[in-house]
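In what follows, a single structure is set out as structure tokens and then discussed.
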Amino acid sequence: MSMTDPMADLLTRIRNAGMAGHAKLDIPSSNLKVAVTTVLKDLGYIKNFKTISDNKQGMLRIYLKYDDNQTPVIHEIKRVSTPGRRVYVGKGEIPRVKNGLGASILSTSKGVLDDVAARKAEVGGEVICTVW
């Protein structure tokens with residue numbers, strides 16, 4: 001059975017693994033998932049990730065990050081643009097999350113970028129998710 005929204009599945013698995021206190025999680029890999037995970041790592045929301053090749057599409061192993069009290073660094077991660085309702089923004093309309101404490105992740109013509117990098121590159125695009 002095919003999945004209608006693999007990106008929502010990625011975000012839900014990250015959210016659930018963080019609430020359960022898991023150190024890592026494995027999910028089926030794709031280019032978009034690797035790009036979003038790279039942005040999350042660059043922003044400091046996850047420790048690391050690696051791709052594991054198998055005879056199918058491969059797996060993406062994500063190592064979650066916790067603070068000193070063992071609470072997840074990711075407080076909230078939400079899908080914004082869905083298959084039924086795509087959300088596109090121009091370069092001047094990029095949303096700020098928690099007044100700059102969080103980040104929006106966008107799919108732009110220059111690749112998958114966070115909101116600060118998209119503003120600096122002066123490009124808009126599809127808002128994939130928000131995280132803080």
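Values below: every heavy atom of this structure, side chains too, minus hydrogens, waters and symmetry copies.
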Legend entry - Nearest-0.5 Å distance, CG of residue Asp114 to CZ of residue Arg119: 9.0 Å

Inset, instruction - Decide whether Val127 and Val131 are clustered together by the hydrophobic rule: side chain heavy atoms of Ile, Leu, Val, Met, Phe, Trp, Tyr closer than 4.5 Å, transitively. - result: no

Legend entry - Ile27-Leu32 co-clustered via ILVMFWY side chain contacts under 4.5 Å: yes

Legend entry - ring-ring contact (aromatic ring centres under 6.0 Å, His included) against His75, all qualifying residues, sequence neighbours excluded: Trp132

Inset, instruction - Rounded to the nearest 0.5 Å, what's the gap from CG on Leu40 to OH on Tyr45? Could you check? - result: 8.5 Å

Inset, instruction - Please name the pair of heavy atoms, one in Val112 and one in Val39, separated by the smallest distance, quoted to 0.1 Å. - result: O-CG2, 3.6 Å

Inset, instruction - Name all residues meeting the side chain to side chain contact (heavy atoms under 4.5 Å, CB included) criterion together with Asp42; count only those two or more places apart in sequence or in a different chain, and write none if there are none. - result: Thr38

Legend entry - Which atom of Asp5 lies closest to which atom of Pro83, heavy atoms considered: OD2-CD, 3.4 Å

Legend entry - Ile128 reachable from Val89 in the ILVMFWY side-chain graph, under 4.5 Å edges: no

Legend entry - Gap between atom CG of Leu11 and atom CG of Asn16 - 0.5 Å precision: 11.0 Å

Legend entry - Over all atoms of both residues, closest heavy-atom pair of Leu64 and Ala17: CD1-CB, 3.6 Å

Legend entry - From OG1 (Thr130) to CG (Asp115), nearest 0.5 Å: 10.0 Å

Legend entry - Neighbour count above 12 (heavy atom, 6.0 Å) for Arg85 CZ: no

Legend entry - Nearest non-hydrogen partners of Val34 and Ser29, listed with the distance: CG2-OG, 3.6 Å

Inset, instruction - Check Pro28 against Gln57 and note the closest heavy-atom contact, atom names and distance. - result: CB-NE2, 3.1 Å

Inset, instruction - Decide side chain to side chain contact (heavy atoms under 4.5 Å, CB included) for Lys33 and Met7; before the verdict, give the C-alpha distance in whole Å, the side-chain angles of both, and the deciding distance to 0.1 Å. - result: CA-CA 7 Å; Lys33 289 179 186 178; Met7 188 52 55; 4.2 Å; yes

Inset, instruction - Examine distances only and state if a side-chain atom of Lys41 and a backbone atom of Phe49 form a donor-acceptor pair shorter than 3.5 Å. - result: no

Inset, instruction - For atom CG of Asp54, decide whether the heavy atoms of other residues, nucleotides or ligands shown that lie under 6.0 angstrom number more than 12. - result: yes

Inset, instruction - Kindly compute the distance separating CD1 (Ile94) from OG (Ser104), expressed to the nearest 0.5 Å. - result: 8.0 Å

Inset, instruction - Identify the two heavy atoms, one from Cys129 and one from Lys78, that lie closest to each other, and give their separation to 0.1 Å. - result: CB-O, 2.9 Å

Legend entry - Gap separating the CZ atom of Arg61 from the CG atom of Asn48, nearest 0.5 angstrom: 12.0 Å

Legend entry - Path from Tyr66 to Ile14 over hydrophobic side-chain contacts below 4.5 Å: yes

Inset, instruction - Spell out, yes or no, whether Leu25 and Leu43 are grouped together once hydrophobic residues are joined by side-chain heavy atoms under 4.5 Å, including indirect joins. - result: yes

